[in-house]
> 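Quick one: structure below, then a few questions.
Counting begins at 1 with the first residue of the sequence. Whatever order the structure lists ligands and atoms in, that order sets their numbers, starting from 1.
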Amino acid sequence: MSTDADLTSQAKSILRRNTRGEYTVPTNGLYPFQWNWDSMFVALGWAEFDEEMAWTEIEKLFDAQWASGMVPHIVFWTEESSYFPGPDVWSTGRVPPTSGISQPPVAASVVRRIADSQPDRAARLLPHLERWHRWWYEFRGVRELGVATITHPWESGRDNLPDWDLPLSVVDASGVGRYERRDTDLVDASMRPHDHEYDRYLALVQFGVANEWSDKECANSPFRVADPAITAILLRAETDLAFLIDAAGVDYEHLDSTCMTSAPISDRIKRLQDGYEQFWSTDASAYCSFDPRTGNHALAGTSASLLAPYAGIDSRLSEVVALLQRWRGQTGFVVPSFEPAAAEFEADRYWRGPIWLVVNYVIAEGLASCDAVDSAEMIRQSSLDLVRTSGFYESFNPLDGAGVGGADFSWTAAIWLRWINSPYVGRT
Ligand code: DGY
């Protein structure tokens with residue numbers, strides 16, 4: 001049985017082994033490139049023992065930012081055959097090659113956490129963060145709806161969540177053609193999305209290619225869903241960016257003269273704060289994603305239903321805590337990615353049930369910042385116990401705590417390092 005000290009040294013070795021110089025892969029083989037939100041959570045882990053690497057990791061991601069402000073979800077810094085779909089399929093024509101969609105914008109919040117260590121480097125990132133947030137505002141629904149929308153399940157980072165089943169079912173995949181998945185060579189197929197989902201994931205990539213990845217056209221993707229997780233993460237990131245701009249004493253008006261005309265940060269924050277209540281579903285008694293074309297909410301809660309406090313929204317704190325308590329009674333460990341009482345719940349299948357420590361981290365940060373410290377602490381302890389039980393897996397079965405997906409996973413190691421040293425930072 002490993003001690004916590006052994007696990008801490010294992011976590012550091014995982015990050016060292018998974019680094020490729022200036023960035024860290026999520027895990028060897030299954031995900032051999034730089035992934036956007038993985039990389040930012042991993043920077044939090046690096047910051048616990050190698051601050052230089054934490055900053056390098058963040059800066060490297062922004063080296064791949066598009067002129068529009070979009071920060072891609074994958075950066076293909078090298079050629080690797082163990083992953084599909086690679087840069088040839090995405091065909092974005094960028095240097096470095098990248099995917100054509102984004103991922104949850106956690107970067108500004110991570111920069112805020114470590115800014116005191118190197119304020120100059122934090123200040124240099126501000127225009128990049130500002131441009132990325134404006135891109136979400138303009139091209140992912142915030143200006144129009146007051147909430148963030150996704151154009152591909154991969155953009156949510158929660159690929160096969162049951163929420164996406166219905167909106168994905170209308171995507172025409174008849175022209176996708178033949179292809180070979182690589183993920184199921186490396187991980188048991190029962191832990192991964194089905195082929196019919198992959199067909200549609202690829203059809204949506206082909207839609208982007210056909211539209212030459214134009215932001216305007218892609219915003220109208222055949223798959224468009226308003227996501228409470230991205231919205232909460234963006235709202236928190238906007239607040240953290242506003243704090244950083246203030247702390248750096250930068251004149252906001254001159255932060256980035258190359259930006260398109262867009263709303264100032266205070267307006268963007270207000271728009272998101274006012275919009276968040278649209279996620280509330282009285283049927284599910286939870287914050288749920290919705291289809292902006294029909295207004296219909298998803299039918300059940302997900303781990304994203306617990307993220308409003310992370311965005312500073314505590315008007316329904318008691319309902320959020322009650323949902324967490326109910327789940328705690330139904331599963332041995334928390335937080336399951338999907339409602340455990342629903343028919344679509346699958347304890348081992350990727351985002352249809354398993355627990356993800358990075359999501360636990362943001363949920364607990366949010367609860368702690370709204371003074372629900374007991375709930376936050378319950379999540380932290382459950383997360384540390386999962387690693388003690390099974391090691392540094394990609395995710396965990398919420399019923400028995402067994403590891404799910406890839407092993408030696410960077411972001412799980414990073415959250416262990418962050419949480420074993422200190423609990424939450426809360427709202428500062
Ligand atoms: C994958 O390939 O499974 C990723 O989650 C896509 O980003």
> Taking the side chain as every heavy atom from C-beta outward, state whether Arg293 and Arg224 have any pair of such atoms under 4.5 Å apart.
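Of all side-chain heavy-atom pairs linking Arg224 with Arg293, at least one is under 4.5 Å.
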> Which of the numbered atoms in ligand 1 are below 4.0 angstrom from a heavy atom of Asp159?
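The list of qualifying atoms is 1 (C), 3 (O), 4 (C), 5 (O), 6 (C).
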> Answer yes or no: is there an ion pair linking Arg134 with Glu130, defined by an N-O contact shorter than 4.0 Å?
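Yes, this pair counts.
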> Under 4.0 Å from any heavy atom of Tyr83, which atoms of ligand 1 are there?
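Here the atoms of ligand 1 in question are 1 (C), 2 (O), 4 (C), 6 (C).
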> Number the atoms of ligand 1 from 1 as they appear, then name those within less than 4.0 Å of a heavy atom of Arg192, with their elements.
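The atoms of ligand 1 under 4.0 Å from a heavy atom of Arg192 are 1 (C), 3 (O).
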> What atoms of ligand 1 come closer than 4.0 angstrom to any heavy atom of Trp154?
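So the atoms of ligand 1 that pass are 6 (C).
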> Just checking, any donor-acceptor pair under 3.5 angstrom between side chains of Thr24 and Asn18?
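Not at all, the side chains of Thr24 and Asn18 share no donor-acceptor pair under 3.5 Å.
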> Scan side-chain atoms only and decide if Glu197 and Tyr201 contain a donor-acceptor pair under the 3.5 Å cut-off.
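Short answer, no.
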> Heavy atom of Asp183 under 4.0 Å from ligand 1?
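Flag not set, Asp183 not near ligand 1.
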> Which bit of Tyr350 gets closer than 4.0 Å to ligand 1, counting heavy atoms only: side chain, backbone, both or neither?
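Contact part for Tyr350 vs ligand 1: side chain (C-beta onward).
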> Using a distance-only test with no angle check, is there a side-chain donor-acceptor pair under 3.5 angstrom linking Asp227 and Ser289?
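Ser289 and Asp227 do not have a side-chain donor-acceptor pair below 3.5 Å.
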> I'd like to know if the side chain of Arg352 and the backbone of Asn160 have a donor-acceptor N/O pair within less than 3.5 Å.
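Yes, Arg352 side chain to Asn160 backbone: donor-acceptor pair under 3.5 Å.
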> Which residue supplies the protein heavy atom nearest to atom 7 (O) of ligand 1, what is that atom called, and how far is it?
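Atom 7 (O) of ligand 1 sits closest to the protein heavy atom His73 NE2, 2.8 Å.
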> I'd like to know whether ligand 1 has Trp35 as a neighbour, heavy-atom separation below 4.0 Å.
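Yes, Trp35 has a heavy atom closer than 4.0 Å to ligand 1.
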